[in-house]
Chemist: 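Input: one structure, supplied below.
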2 protein chains.
Amino acid sequence: MTGILVVDDDPHLLKALRITLQAHGYSVETAPDGRSALLAATRNPPGLVVLDLGLPDMDGAAVLRELRRWSSAPVLVLSARHGSADKVDALDAGADDYITKPFGLEELLARLRALLRRAPDTAEAPTVTTAEFTVDLGQRVVTRNGESVRLTPTEWSILELLVRNPGKLITQQQILSTVWGPAYAKEANYLRVYIAQLRRKLEADTGNPRHLLTEAGIGYRFRP
Amino acid sequence: MTGILVVDDDPHLLKALRITLQAHGYSVETAPDGRSALLAATRNPPGLVVLDLGLPDMDGAAVLRELRRWSSAPVLVLSARHGSADKVDALDAGADDYITKPFGLEELLARLRALLRRAPDTAEAPTVTTAEFTVDLGQRVVTRNGESVRLTPTEWSILELLVRNPGKLITQQQILSTVWGPAYAKEANYLRVYIAQLRRKLEADTGNPRHLLTEAGIGYRFRP
DNA sequence: CGGTATCTTGACGGATCCTTAACGCCGGTG
DNA sequence: CACCGGCGTTAAGGATCCGTCAAGATACCG
């Protein structure tokens, strides 16, 4: 769910945009002026910014330049001014697109899609590290002592579930029903086999596991 | 010096754009219709495309889609049509910007700068190298032992997808749906055949692949 | 219209993975 | 101390998946 920051001093337009964008699956934040826009962007970095040029407190271009000092998020500029010089200034100040009011919502949405299509994936590649091995959830690689470890699909599913909830206790039923499906919630045998295989591949001392811990009678837990 | 391909059926506009763009330091190629545009783009991949929607031989959107099959260069669409639906269609077909005729040259140039600012540097070598072969993503050329390797379009699509994500595991569904389309997500047979062909052309020991690795039950992975 | 390159489809042996069962260990319980 | 349930380990069978090959279908080009 991409986060969009909408900056405009017209409350009606702000409300309309918020509703429309949220209806299309975006997470929306709004700001009525430049100062609060920069504050909001710092507090919760957006994936895209819709910026009106006519703000009460500061020049839109100034907001743009300030934002560009640290953010590379795409910026779509709204403006009531049709002049060529205004467009050139905004685009050269770091804006990625420029449309004039009044505009069609469909066009705005299409331009947002085009901009987001280009944007580098803000989706971070989480990689969990322990003293003995590292799990790269993005690349789907497990490394131990510098060498990559071969995991079967089932082994990976279990490890991923545990690693995505570090320190948290996952019940056997949870593992079984997410990996094999709800119908297999009673097959605790499977788990014993696969946990053993994971330990053999990842733990130094399989007898005394340090990261893949078992809670007798309940489930398992991953300790970083 | 970035290469720009300008596609328009109006000779006067073509000439004016060529002169203006060259004056601003771009290298310009022109095409009067869709067919020759695709040909020119294949022969000399441009860093950006300016595309008129009203072409004599084929629909502009069709040219766009065909181009997008292999090129990720930014596309700026020109059109005489102001309708919202036209803009949405073009943008969703893969265009990055859309301006209506008549337009100001200054605005066009500013929008080109904004697009090129985002585009991955074609100047830097988008070429991936392994111990045994090199893949030039810009020129669409694969070299092995100093000799260029002939790849079919399908082979190239698969290799490109894998090479653009080095070390990352790509599932069979991902490959099938990006290369053949989402409807073919179940045809794992195709993959087996084409992966075998790629290995025969690129790997020294087909039985022990060193770069095109298979992850049983999941997908494939490219190791640099 | 003929020829070439490419894509699709099917079949087979071999490798990998999942399932299942059996056995030993440990801690708790009566 | 004997019993028992839960867990770890191992290995064998069967199911699934993969690599390979080749023939037929299709698209492309002169």
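We name chains A, B, ... by the order of the sequence lines, and we start the count at 1 in each one.
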Chemist: Relative to the 5' end of DNA chain C, which residue comes earlier, Pro153(A) or Thr154(B), by the nucleotide with the nearest heavy atom?
Modeler: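 Comparing both residues, the 5'-ward one is Thr154(B).
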Chemist: Residues in salt bridge (Lys or Arg N to Asp or Glu O under 4.0 Å) with Arg199(B), at least two apart?
Modeler: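 Partners of Arg199(B) by the salt bridge (Lys or Arg N to Asp or Glu O under 4.0 Å) criterion come out as none, since no residue qualifies.
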Chemist: Go through residues 178-186 of chain A and report each residue with a non-hydrogen atom lying under 4.0 Å from DNA chain D, sorted by number.
Modeler: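 Those residues: none at all.
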Chemist: What pairs of residues pass the side chain to side chain donor-acceptor pair (under 3.5 Å) test when at least one of them lies in residues 143-154 of chain A, not counting sequence neighbours?
Modeler: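 Sorted pair list comes back empty.
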Chemist: If only side-chain N and O atoms of Arg150(A) are considered, is one of them under 4.0 Å from the OP1 or OP2 phosphate oxygen of dT16(C)?
Modeler: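 No.
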Chemist: List in numerical order all residues of residues 159-177 of chain A for which some heavy atom is under 4.0 Å away from an atom belonging to DNA chain D.
Modeler: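 Close to the strand are Gln172(A).
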Chemist: Hey, which of these two, Gly219(B) or Gly219(A), hits DNA chain D nearer its 5' end, going by closest nucleotide?
Modeler: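 Residue closer to the 5' terminus by nearest nucleotide: Gly219(A).
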Chemist: Asp10(B): which residues meet the side chain to side chain contact (heavy atoms under 4.5 Å, CB included) condition with it, sequence neighbours left out?
Modeler: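 With sequence neighbours excluded, Asp10(B) shows a side chain to side chain contact (heavy atoms under 4.5 Å, CB included) to Asp8(B), His12(B), Leu13(B), given in chain and number order.
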Chemist: To the nearest Å, give me how far apart CD (Glu187(B)) and C1' (dT9(C)) are.
Modeler: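 After rounding, the gap between these two atoms is 9 Å.
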Chemist: P atom, dT19(C) versus dC18(D): distance in rounded Å?
Modeler: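 Those two atoms are separated by 16 Å.
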Chemist: Hey, could you give me the CG/CG distance between Leu78(B) and Leu17(B), rounded to the nearest 0.5 Å?
Modeler: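 It comes to 7.0 Å.
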Chemist: Rounded at 0.5 Å granularity, tell me how far CD1 in Ile4(A) sits from CG in Leu112(A).
Modeler: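 So the gap between those two atoms works out to 5.0 Å.
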Chemist: Go through residues 195-214 of chain B and report each residue with a non-hydrogen atom lying under 4.0 Å from DNA chain D, sorted by number.
Modeler: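 Result for residues 195-214 of chain B: Ala196(B), Arg199(B), Thr206(B), Thr214(B), sorted by number.
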Chemist: Need to verify one output field. Residue with the more 5' nearest nucleotide on DNA chain C, Tyr190(B) or Glu215(B)?
Modeler: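 Nearest nucleotide further toward 5': that of Tyr190(B).
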Chemist: Taking salt bridge (Lys or Arg N to Asp or Glu O under 4.0 Å) as the definition, give me every residue that meets it alongside Glu107(B), ordered by chain and number, with sequence neighbours left out.
Modeler: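 For Glu107(B) the salt bridge (Lys or Arg N to Asp or Glu O under 4.0 Å) partners, ignoring immediate neighbours, are Lys87(A), Arg111(B).
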Chemist: Rounded to the nearest Å, what distance is computed from the CD atom of residue Glu155(B) to the P atom of nucleotide dA5(C)?
Modeler: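 My rounded result for the distance is 13 Å.
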Chemist: Heavy atoms under 4.0 Å is the rule here; annotate nucleotides 22-30 of chain C 5' to 3' with B where the base is hit, S where only the sugar-phosphate is, and - elsewhere.
Modeler: ---------
Chemist: Between dT9(C), dT19(C), dC7(C), which one does the side chain of Thr152(B) approach most closely?
Modeler: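 Among dT9(C), dT19(C), dC7(C), the one nearest the side chain of Thr152(B) is dC7(C).
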Chemist: Going by ring pair (Phe, Tyr, Trp, His ring centres under 6.0 Å), name the residues that satisfy it together with Tyr220(B), two or more places apart in sequence or in a different chain.
Modeler: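 Tyr220(B): no ring pair (Phe, Tyr, Trp, His ring centres under 6.0 Å) contacts found.
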Chemist: With side-chain contact (heavy atoms from CB on, under 4.5 Å) as the criterion, how do Leu151(B) and Val149(B) come out once you've worked through the C-alpha distance, each side chain's angles and the decisive distance to 0.1 Å?
Modeler: CA-CA 6 Å; Leu151(B) 290 189; Val149(B) 181; 4.2 Å; yes
Chemist: Using whole Å, what does the distance between atom P of nucleotide dT16(C) and atom OH of Tyr220(B) come to?
Modeler: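 Roughly 13 Å, once rounded to whole Å.
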Chemist: With Arg164(A), which residues qualify under salt bridge (Lys or Arg N to Asp or Glu O under 4.0 Å), at least two apart?
Modeler: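 With neighbours one apart ignored, the set is Glu160(A).
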Chemist: By salt bridge (Lys or Arg N to Asp or Glu O under 4.0 Å), which residues pair with Arg210(B), not counting sequence neighbours?
Modeler: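 Salt bridge (Lys or Arg N to Asp or Glu O under 4.0 Å) check on Arg210(B) returns Glu132(B).
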Chemist: Check the distance between dT20(C)'s C1' and Tyr194(A)'s OH and give it to me in whole angstrom.
Modeler: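 One finds 11 Å between C1' of dT20(C) and OH of Tyr194(A), rounded.
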Chemist: Step by step, work out the salt bridge (charged side-chain N to carboxylate O under 4.0 Å, His left out) result for Arg68(A) and Asp96(A).
Modeler: CA-CA 12 Å; Arg68(A) 274 285 173 269; Asp96(A) 294 276; 3.1 Å; yes
Chemist: To the closest 0.5 Å, what do you measure between CG (Leu21(A)) and CZ (Arg18(A))?
Modeler: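 It is 10.0 Å, given to the nearest 0.5 Å.
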Chemist: For the residue pair Phe133(B) and Phe222(B), does the interplanar ring angle fall in the parallel (under 30°), tilted (30 to 60°) or perpendicular (over 60°) class?
Modeler: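 Taking Phe222(B) first and then Phe133(B), their aromatic rings sit tilted (interplane angle of 30° to 60°).
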Chemist: Leu151(B) has an atom CG; how far is it from atom P of dT6(C), in whole Å?
Modeler: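 To the nearest whole Å, that distance equals 10 Å.
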Chemist: State which residues pass ring pair (Phe, Tyr, Trp, His ring centres under 6.0 Å) with Tyr194(A); sequence neighbours excluded, sorted by chain then number.
Modeler: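 Tyr194(A): ring pair (Phe, Tyr, Trp, His ring centres under 6.0 Å) contacts with Trp180(A).
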